[in-house]
Protein chains: 2
Amino acid sequence: MKQTAPASDDGLKLSAWLPYRLFLVVAQVARPLESFYSETFGLSQAGWRILAVIAERDAANASEIGRACALDPFAVSRGIGQLADLGFAVRRPGKTDRRFAAVSITRSGRVAFNRIAALGSAIEARLLARLTESERTTIDSALTRLEGESARIDAGGWRALLDDADVP
Amino acid sequence: MKQTAPASDDGLKLSAWLPYRLFLVVAQVARPLESFYSETFGLSQAGWRILAVIAERDAANASEIGRACALDPFAVSRGIGQLADLGFAVRRPGKTDRRFAAVSITRSGRVAFNRIAALGSAIEARLLARLTESERTTIDSALTRLEGESARIDAGGWRALLDDADVP
DNA sequence: CGATATGCTTGCACTTTGCAATTATCTATG
DNA sequence: CATAGATAATTGCAAAGTGCAAGCATATCG
């Protein structure tokens with residue numbers, strides 16, 4: 001009676017794997033935020049991300065937005081469409097090159113953003129309260145490097161990852 | 001000419017917001033891994049997460065799995081179905097209480113898991129290489145607290161978050 | 001001027017998700 | 001010991017989201 005394999009035989013303990021641990025925090029924190037903005041404004045996840053980007057970077061074009069929040073051009077286009085329907089954003093042809101849309105947040109978009117941002121800040125405050133001052137500093141600096149390295153990992157694709165170490 | 005609101009007036013700078021920074025790392029790191037297991041095994045994201053859970057915790061039931069990887073019962077059920085179709089998992093009625101499914105990884109499921117885990121380990125290694133030993137220690141301990149706090153945040157829902165601080 | 005390239009959008013098929021209803025099993029009670 | 005009320009999991013179906021081919025507008029090059 002040995003149809004199922006018994007214990008773990010590779011070196012990956014999920015609960016200790018760094019990306020998984022980060023994922024858990026992100027997923028759990030995203031859920032209440034998402035239910036807030038979707039219930040309150042009918043905003044999708046992509047819509048919220050884009051709103052947050054154009055709230056801090058005015059007259060952004062679609063590719064910039066996509067890069068800033070890990071969204072492909074289709075999703076960006078649709079997200080902007082949603083924001084435009086809700087009256088939270090306007091798109092105008094770009095000033096110099098009119099192929100580039102210049103997407104800007106509207107007044108009511110900013111109002112909505114501020115409401116969501118208040119929740120976001122509350123969440124961050126709850127998290128930061130669990131850390132000491134020196135931990136915050138360490139994490140801030142470490143995270144900068146992790147962002148850079150993860151961008152490179154992403155850009156390289158999975159094939160590049162197996163050239164370094166053990167391969168199947 | 002003032003249809004659009006100008007600069008940021010609330011305190012949320014997206015690029016400095018902790019959950020966003022964590023999200024970026026997670027999203028970028030997940031992408032190559034996902035394209036690997038979906039191309040190679042036809043596994044969905046939920047399928048992979050569940051596979052990873054049952055690889056380290058044998059005879060798990062659906063709610064345990066769901067809790068362990070932030071998946072609702074429907075998604076878990078479907079994910080298990082997918083794994084069963086692929087021959088990577090079997091479900092049997094639980095031993096004592098037969099309502100609980102006892103989900104176990106199969107031999108070929110473990111083979112697949114090990115292949116994916118190798119990639120996962122490579123990714124983690126790349127990330128950890130960017131950190132000093134003391135940063136790793138700090139992050140390890142901080143992350144444990146963040147996991148706990150984010151679980152509480154999730155459990156409380158968004159209404160609970162606004163009772164503490166500034167409200168809209 | 002075409003011809004070609006680029007940024008973005010749209011239409012359509014396909015997949016994933018959310019939720020109500022269902023099945024199977026267990027526990028408690030008269 | 002039958003029946004009512006839980007609980008764990010699954011399934012069916014509609015709604016939402018996604019991926020990709022093709023399309024439109026604009027720009028640049030020969």
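Quick note on labels: first sequence line is chain A, next is B, and so on, each numbered from 1.
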S.K.: Taking any heavy-atom pair under 4.0 Å as a contact, classify B:Thr96: base, sugar-phosphate, or nothing.
M.R.: sugar-phosphate
S.K.: What is the distance, to the nearest angstrom, from the CZ atom on B:Arg49 to the P atom on C:dT16?
M.R.: 14 Å
S.K.: Would you mind reading off the distance between B:Arg92 atom CZ and D:dA9 atom C1', rounded to a whole angstrom?
M.R.: 17 Å
S.K.: Does B:Arg78 contact D:dG12 through a side-chain donor or acceptor facing the base, at a distance under 3.5 Å?
M.R.: yes
S.K.: For D:dA8, does OP1 or OP2 lie under 4.0 Å from any side-chain N or O of B:Asn61?
M.R.: no
S.K.: Using a strict threshold of under 4.0 Å (side-chain N to carboxylate O), is an ion pair present between B:Glu149 and B:Arg152?
M.R.: yes
S.K.: Base, sugar-phosphate, or nothing for B:Phe100, non-hydrogen atoms under 4.0 angstrom?
M.R.: sugar-phosphate
S.K.: With the side chain of B:Arg99 defined as its heavy atoms from C-beta on, choose the nearest nucleotide among C:dC26, C:dA20, D:dA27.
M.R.: C:dC26
S.K.: May I have the distance from B:Glu64 (atom CD) to D:dT7 (atom P), rounded to whole angstrom?
M.R.: 18 Å
S.K.: Starting at atom CG of B:Asp85, determine the distance to atom P of C:dT15, rounded to an integer number of angstrom.
M.R.: 14 Å
S.K.: For B:Ser63 and D:dA9, is the shortest distance between a side-chain N/O and OP1 or OP2 below 4.0 Å?
M.R.: yes
S.K.: What integer distance in Å separates B:Phe74:CZ from D:dA9:C1'?
M.R.: 10 Å
S.K.: Is any NZ, NE, NH1 or NH2 atom of the basic residue among B:Glu133 and B:Arg136 found under 4.0 Å from an Asp or Glu carboxylate oxygen of the other?
M.R.: yes
S.K.: Is the phosphate of D:dT26 approached by A:Arg98 (side-chain N or O, under 4.0 Å from OP1 or OP2)?
M.R.: yes
S.K.: Any salt bridge linking A:Arg130 with A:Glu135? Criterion: basic side-chain nitrogen under 4.0 Å from a carboxylate oxygen.
M.R.: no
S.K.: Looking only at the side chains, is there a donor atom on one of A:Thr144 and B:Arg21 sitting less than 3.5 Å from an acceptor on the other?
M.R.: yes
S.K.: Name the residue closer to the 5' end of DNA chain D, choosing between A:Gln82 and A:Gly94 according to the nucleotide with the nearest heavy atom.
M.R.: A:Gln82
S.K.: Rounded to the nearest angstrom, tell me the gap between atom CD in B:Gln45 and atom P in C:dT15.
M.R.: 18 Å
